Visitor: 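The structure that follows is given in the form of structure tokens.
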Amino acid sequence: MNSTNRTVVVTGIGATTPLGGDSASTWEGLLAGRSGARLIDDERFADLPVKIAALAAVDPSEVLPRPLARKLDRSAQFALIAAREAWADAGFTGPAGEDEQVEPTRLGAVVASGIGGVTTLLDQYDVLKEKGARRVSPHTVPMLMPNGPSANVGLEVNAQAGVHSLVSACASGAEAIGYAMEMIRNGRADVVITGGTEAAIHPLPVAAFANMMAMSKNNEEPQKASRPYDKGRDGFVLGEGAGVIVLESAEHAAKRGARVYCEMLGQGLSADSHHIAQPEPEGRGIAAAMRNLLDSSDLKPQEIVHLNAHATSTPLGDVAEVKALRQVLGDELDHVAVSATKSMTGHLLGGAGGIETVATVLALYHRVAPPTINVDELDEEIDADVVTGKPRPLPAGTVAAINNSFGFGGHNVVLAFRTV
Amino acid sequence: MAATQEEIVSGLAEIVNEIAGIPVEDVQLDKSFTDDLDVDSLSMVEVVVAAEERFDVKIPDDDVKNLKTVGDAADYIAKHQVAK
């Protein structure tokens, strides 16, 4: 049972994002080049320098029954919605054990959030101040703990092989998926449900990110604010939602006749050790993660045809990523169709690795790269083939795609997938 | 005017409906909060706090463990509520 170096495949996907309440509507929005950003209709944001965000297209209160929703932080609500879709999409009809296709002790859950239950924490602090200690919800701790989304998804599917919550700011979702892959590779699990979620659209995080000069202040044209690679980019637009996939050993998937989207080839990890929040301008750490991926997997540079870039729309970060890729891939970068889907979804922080992995998997499955919107004038420092305007078909044959995620703290995660 | 037992039970039913999603008609005197009404120990705290507010009564934590059924809670509230 505990074989190593097992092939890992993707058998299910789910999402709830600023573009749609499931993965199909999200994918449709990505291909259509739709922006999910808008003015936040909430008077608490009236005096903030940033009044825009990419809010979830479908509010979780419309999906989850109220008694369940009131016990879950919004980040866990998104995670649960995306996880339910991914679980059903993988062909499971109930929790492990009840559905005999997977044993509970061979099932893991690894769902990450960058910030955790920040809105619960802040809202309950308001309750404490305004209404007193007795009124603070007894659900506050399980709601605000950063492992809440993972724990709730684990409970939902009856995961007993291990439930984990990796935290690395905006790389959290991708780091979770990489860890999930390792759980299968090293024999701890046959199936792992994994991804990222975030729900941090509250005046405090928005004010804090704005004061870091990290966010776009284009309140006049919200849909044009997130513009990775464009010369006029001025920071990211905060998004919310979740993306979750089901990873499975190839043998397990074959045994139960599961539909396979693609193979998950590997991951590359590194740390900048440069600054707590600034990207290292030459992309040294990103290049190291990319090399690590190439060294530790059988991915060949010539088979990479698509990149879902981290590209958050910040002046420094977008350039450093492309420099790093050019440094490692050289001319092989020329046949990589680069998509910055944050131009449409905004930046979901810990959720980004989740929804962008869903986008990467679908790009390979349907063989089409989504566009990057709002590139009116490509920054000349971006020496890469950015897909703009409309979606671009990807070549036939065996091809691979990578998904980058980097986080405050200098965390770099590169994930790789290949068609089957 | 203190609430009548009927008012207390219908008030508790509305609270349990809000917190646990149980239909109000299912919240009867003999029903156990945990076994019949899907109210776990954390949600029971919510029920208690909502009942305190609604019926102007204090229910100390030490007394909460004795409130197994809707009837237990209704009796407790009827006995301890502050007459208006």
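Computed from a predicted model, the values in this text were never measured in an experiment. Lettering follows sequence order; numbering is per chain, from 1.
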Visitor: If you count every heavy atom of other residues, nucleotides or ligands that lies below 6.0 Å from B:Asn66 atom CG, does the total exceed 12?
Guide: yes
Visitor: What are the two closest heavy atoms between B:Leu42 and A:Pro138, and how far apart are they?
Guide: O-CG, 3.1 Å
Visitor: Minimum heavy-atom separation for A:Arg134 and B:Ile59, please, with both atom names.
Guide: NH2-O, 3.3 Å
Visitor: Do other residues, nucleotides or ligands put more than 12 heavy atoms under 6.0 Å from B:Glu25 CD?
Guide: yes
Visitor: So, do B:Asn17 and A:Arg66 sit near enough that their side-chain heavy atoms are less than 4.5 Å apart?
Guide: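 Yes. Closest side-chain heavy atoms under 4.5 Å.
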Visitor: Can you establish whether the number of heavy atoms outside B:Lys79 located under 6.0 Å from its atom NZ is more than 12?
Guide: no
Visitor: Which bit of B:Ser41 comes within less than 4.5 Å of chain A, counting heavy atoms only: side chain, backbone, both or neither?
Guide: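 Nothing of B:Ser41, per the 4.5 Å heavy-atom cut-off to chain A.
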Visitor: What pairs of residues pass the ring pair (Phe, Tyr, Trp, His ring centres under 6.0 Å) test when at least one of them lies in residues 70-97 of chain A, not counting sequence neighbours?
Guide: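 As it turns out, the ring pair (Phe, Tyr, Trp, His ring centres under 6.0 Å) pairs with a partner in residues 70-97 of chain A, which skip direct neighbours, are A:Trp87-A:Phe92.
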Visitor: Among the options B:Glu53, B:Glu46, B:Glu52, pick out the one with the most heavy-atom pairs lying under 4.5 Å from chain A.
Guide: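 Looking at each of B:Glu53, B:Glu46, B:Glu52 in turn, B:Glu46 comes out on top.
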Visitor: Applying ring pair (Phe, Tyr, Trp, His ring centres under 6.0 Å), which residue pairs with at least one partner in residues 120-164 of chain A are found, sequence neighbours left out?
Guide: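 Output for this query lists A:His164-A:Tyr179.
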Visitor: Applying side chain to side chain contact (heavy atoms under 4.5 Å, CB included) to A:Lys71 and B:Ile19, what does each step give before you reach the verdict?
Guide: CA-CA 9 Å; A:Lys71 293 195 269 192; B:Ile19 289 166; over 6 Å; no
